[in-house]
Structures are given as structure tokens and as C-alpha cells.
Amino acid sequence: RGTLLELADLPPELKRAPRHRRAVWVAVLGLAAGALAFHALSVKDPEPTRSWDLPYLHPAGLAATPDVLWVGDWYAQSVYEHAPETLEIRRVRSFPQEPSAALAFAEGALWIATSDGRVFKHLLDGKLTPLGRFQIPGPAVVGLCYDGLYLWSADRQSRVLRQHLLDDRLTPAQTYPYPGTSPAAIACDRRGLWSIDEAKGEVLRHDLADPAVVVARAPLE
């Protein structure tokens with residue numbers, strides 16, 4: 001009905017590659033796929049356990065960044081700054097009013113908790129300049145950590161784990177019963193929360209959504 005149709009020339013027929021060349025490509029692709037599968041399934045050997053002798057006798061807290069490792073000594077009322085690879089002491093800072101029971105790195109600052117529930121916030125400068133002081137519940141704080149959103153504390157006497165808002169009061173948002181016997185330290189990140197049960201000599205991995213639930217246990221060696 002008035003529509004003009006025209007025939008177009010067909011494209012030239014593609015030439016097939018010789019059989020031996022196709023076999024080579026199949027073999028190359030097969031080897032590549034095998035190599036990728038082997039790489040994906042292979043398990044890397046774990047790094048060997050390393051240990052160091054600390055030049056002080058009463059370490060009670062630890063915090064770390066990729067460049068610095070801090071350890072607090074409650075008896076000396078000091079914080080030691082170590083090189084993370086060798087644990088060489090770079091600097092020592094004395095805090096007579098802050099006998100450290102736990103340390104944490106959070107929001108670009110170093111947080112020092114004392115056993116009576118006082119928490120001090122320090123700027124990461126050469127003097128660890130104080131930025132604030134807080135009081136949190138707990139008569140025997142032994143652990144402090146930061147999961148990327150909340151600051152957590154562990155209390156040995158009350159046997160509880162507390163989740164704190166990083167506001168001007170470190171307001172407790174949630175409180176969970178400790179599922180072990182006697183907490184001695186905690187560590188956390190965005191993936192989970194861990195604790196040391198001193199009474200049983202175990203490392204516990206907790207469900208971060210509900211730390212009262214233990215998802216794994218491992219004995220301390």
C-alpha cells in the first residue's frame with residue numbers, strides 16, 4: 001500500500017578460525033578459569049603469632065591505629081606510645097589523675113577509662129591534650145572499644161556490656177548482660193565484638209546486634 005521495500009545485500013559470511021587455533025583459545029580460557037578458581041579457593045596461611053615483653057608491669061588497656069599502638073599502665077598512671085611493628089616506645093605520657101583501666105581510639109581521639117567509670121577524651125597531638133571528661137555507670141570498668149558508631153564499656157563487677165552514644169554525656173543507649181563469667185577486656189569493630197573471659201581463660205565473640213549472645217569461643221593459649 002505505497003510502502004517501498006528494497007532488498008539489502010547480506011553481509012559476507014564470517015570465516016571460521018582453523019580448528020587448531022580454536023583449540024588453543026579453549027585451552028587458554030580453561031587454564032585461566034582454573035587459575036582463578038584455584039586462587040579463589042586457596043586458603044592463605046595465617047600469620048604466625050608474635051609476642052613482646054613489655055618494659056612495664058601493669059598494662060591494663062590497649063588502643064591502636066595503623067600507625068600507633070597505645071598501652072596504658074594503671075600503676076604508673078601513664079600511657080605508652082609504641083611503634084605497631086616493633087613495639088618500640090616512642091613517647092610516654094603521665095596522667096596522675098587517670099589510672100587507666102581501658103583505652104579506645106574513637107572519632108580521631110584517644111579515650112581513657114578508669115575503673116571507677118570516669119572517661120577522659122584526649123586530642124591526638126604531642127601532649128595528648130585533654131578534650132573532655134565524662135562519668136559513665138559502672139563501679140569496675142575494665143574494657144572500652146569503638147565499633148564505628150557507638151562506644152562500648154565492660155564492667156567486671158556488674159557483669160554488663162554498655163553501648164554508649166558519643167554525645168556530651170556518653171549516654172548509655174543499651175545495656176546487655178555479660179554472657180561469660182568475668183570480663184577482663186573488650187574489642188570491637190563494625191563486624192563484631194570480642195571479649196576476654198578471665199575466669200574461664202577464653203576469648204568470646206559476641207553477636208554485635210545482641211552481645212548477650214556468644215557466637216564463638218576460643219581458649220587463650
Side-chain angles (χ1 to χ4, degrees), residues 44 46-115 117-134 136 138 141-155 161-171 173 183-196 203-206 208 211 218 220:
K44 295 182 179 179
E47 292 186 5
T49 301
R50 294 184 292 172
S51 62
W52 293 266
D53 293 326
L54 297 176
Y56 38 89
L57 300 178
H58 304 92
L62 183 150
T65 68
D67 301 321
V68 181
L69 182 71
W70 293 279
V71 180
D73 186 305
W74 67 267
Y75 184 80
Q77 300 176 350
S78 300
V79 173
Y80 294 80
E81 180 181 317
H82 296 265
E85 291 298 328
T86 63
L87 258 68
E88 175 187 0
I89 295 178
R90 294 174 176 171
R91 287 182 293 185
V92 182
R93 294 290 176 264
S94 178
F95 298 105
Q97 305 303 319
E98 305 174 33
S100 59
L103 304 179
F105 172 74
E107 297 294 321
L110 180 66
W111 302 70
I112 301 175
T114 62
S115 60
R118 290 177 296 152
V119 177
F120 298 84
K121 181 181 179 181
H122 292 268
L123 181 68
L124 295 184
D125 59 2
K127 298 181 179 180
L128 291 179
T129 303
L131 295 177
R133 173 181 171 178
F134 310 85
I136 62 175
V141 175
V142 294
L144 204 66
C145 70
Y146 179 57
D147 68 2
L149 184 60
Y150 299 102
L151 194 70
W152 292 81
S153 65
D155 187 272
L161 300 171
R162 290 187 175 92
Q163 181 191 70
H164 302 270
L165 302 175
L166 282 179
D167 57 10
D168 58 352
R169 296 183 180 182
L170 287 183
T171 304
I186 59 173
C188 56
D189 58 19
R190 296 179 186 274
R191 300 170 297 171
L193 188 149
W194 297 261
S195 72
I196 291 179
V203 177
L204 308 183
R205 178 166 184 169
H206 305 256
L208 188 58
L220 288 172

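With a 4.5 Å cut-off on side-chain heavy atoms, Tyr56 and Tyr75 do not count as touching. Side-chain contact between Leu144 and Ser153 is present, with at least one heavy-atom pair separated by less than 4.5 Å. Counting heavy atoms from C-beta outward, Leu128 and Arg91 have side chains that stay 4.5 Å or more apart. Considering only heavy atoms from C-beta on, Tyr80 stays 4.5 Å or farther from Leu54 through its side chain.
Taking each heavy atom of Ile112 and Leu103 in turn, the nearest pair found is CG1-CD2, 3.5 Å. The minimum heavy-atom distance between Ser94 and Ser78, with the atom names listed, is CA-OG, 3.8 Å. Scanning both residues, Val119 and Ile136, for their nearest heavy atoms gives CG2-CD1, 3.8 Å. Scanning both residues, Arg205 and Arg191, for their nearest heavy atoms gives NH2-O, 3.8 Å. Heavy atoms only, all atoms of each residue included: Asp67 and Arg90 are closest at O-NH1, 2.9 Å. Heavy atoms only, all atoms of each residue included: Glu85 and Trp52 are closest at O-CZ2, 3.6 Å.
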**OP:** Under the side chain to side chain contact (heavy atoms under 4.5 Å, CB included) rule, what do Val203 and Leu220 come out as? Steps first, then yes or no, please.
**Re:** CA-CA 7 Å; Val203 177; Leu220 288 172; 3.4 Å; yes
Original post:
Step by step, would you call Leu165 with Tyr150 a side chain to side chain contact (heavy atoms under 4.5 Å, CB included)?
Top reply: CA-CA 6 Å; Leu165 302 175; Tyr150 299 102; 3.5 Å; yes
**OP:** Show the numbers, then the answer: is there a side chain to side chain contact (heavy atoms under 4.5 Å, CB included) between Glu98 and Val79?
**Re:** CA-CA 10 Å; Glu98 305 174 33; Val79 173; over 6 Å; no
**OP:** Apply side chain to side chain contact (heavy atoms under 4.5 Å, CB included) to the pair Asp189 and Trp194, showing each step before the final yes or no.
**Re:** CA-CA 9 Å; Asp189 58 19; Trp194 297 261; 3.6 Å; yes
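Looking at Trp111, its side chain does come within 3.5 Å of a backbone N or O of Ala106 through a donor-acceptor pair. Arg162 contributes no side-chain N or O that, together with a main-chain N or O of Thr171, makes up a donor-acceptor pair within less than 3.5 Å.
The aromatic ring centres of His122 and Phe95 sit less than 6.0 Å apart.
Atoms SG and CG, from Cys145 and Leu193 in turn, are 5.0 Å apart once rounded to the nearest 0.5 Å. Interatomic distance, CG of Leu69 versus CD of Glu81, reported as 9.5 Å (0.5 Å rounding). In this structure, the separation between CH2 on Trp70 and OG1 on Thr65 is 4.5 Å, given to the nearest 0.5 Å. Between the CD1 atom of Ile186 and the NE2 atom of His206 there is a distance of 8.5 Å, given to the nearest 0.5 Å. His164 NE2 to Arg169 CZ: the interatomic distance, rounded to the nearest 0.5 Å, is 14.5 Å. Separating the CD atom in Glu107 from the CG atom in Leu131 is a distance of 12.5 Å, to the nearest 0.5 Å.
Checking each of Ile89, Leu87, Asp73 against Pro55 for a side chain to side chain contact (heavy atoms under 4.5 Å, CB included) leaves exactly one that passes, namely Ile89.
Aromatic ring pairs are classed by plane angle as parallel below 30°, tilted from 30° to 60° and perpendicular above 60°; the pair Trp74 and His58 is perpendicular.
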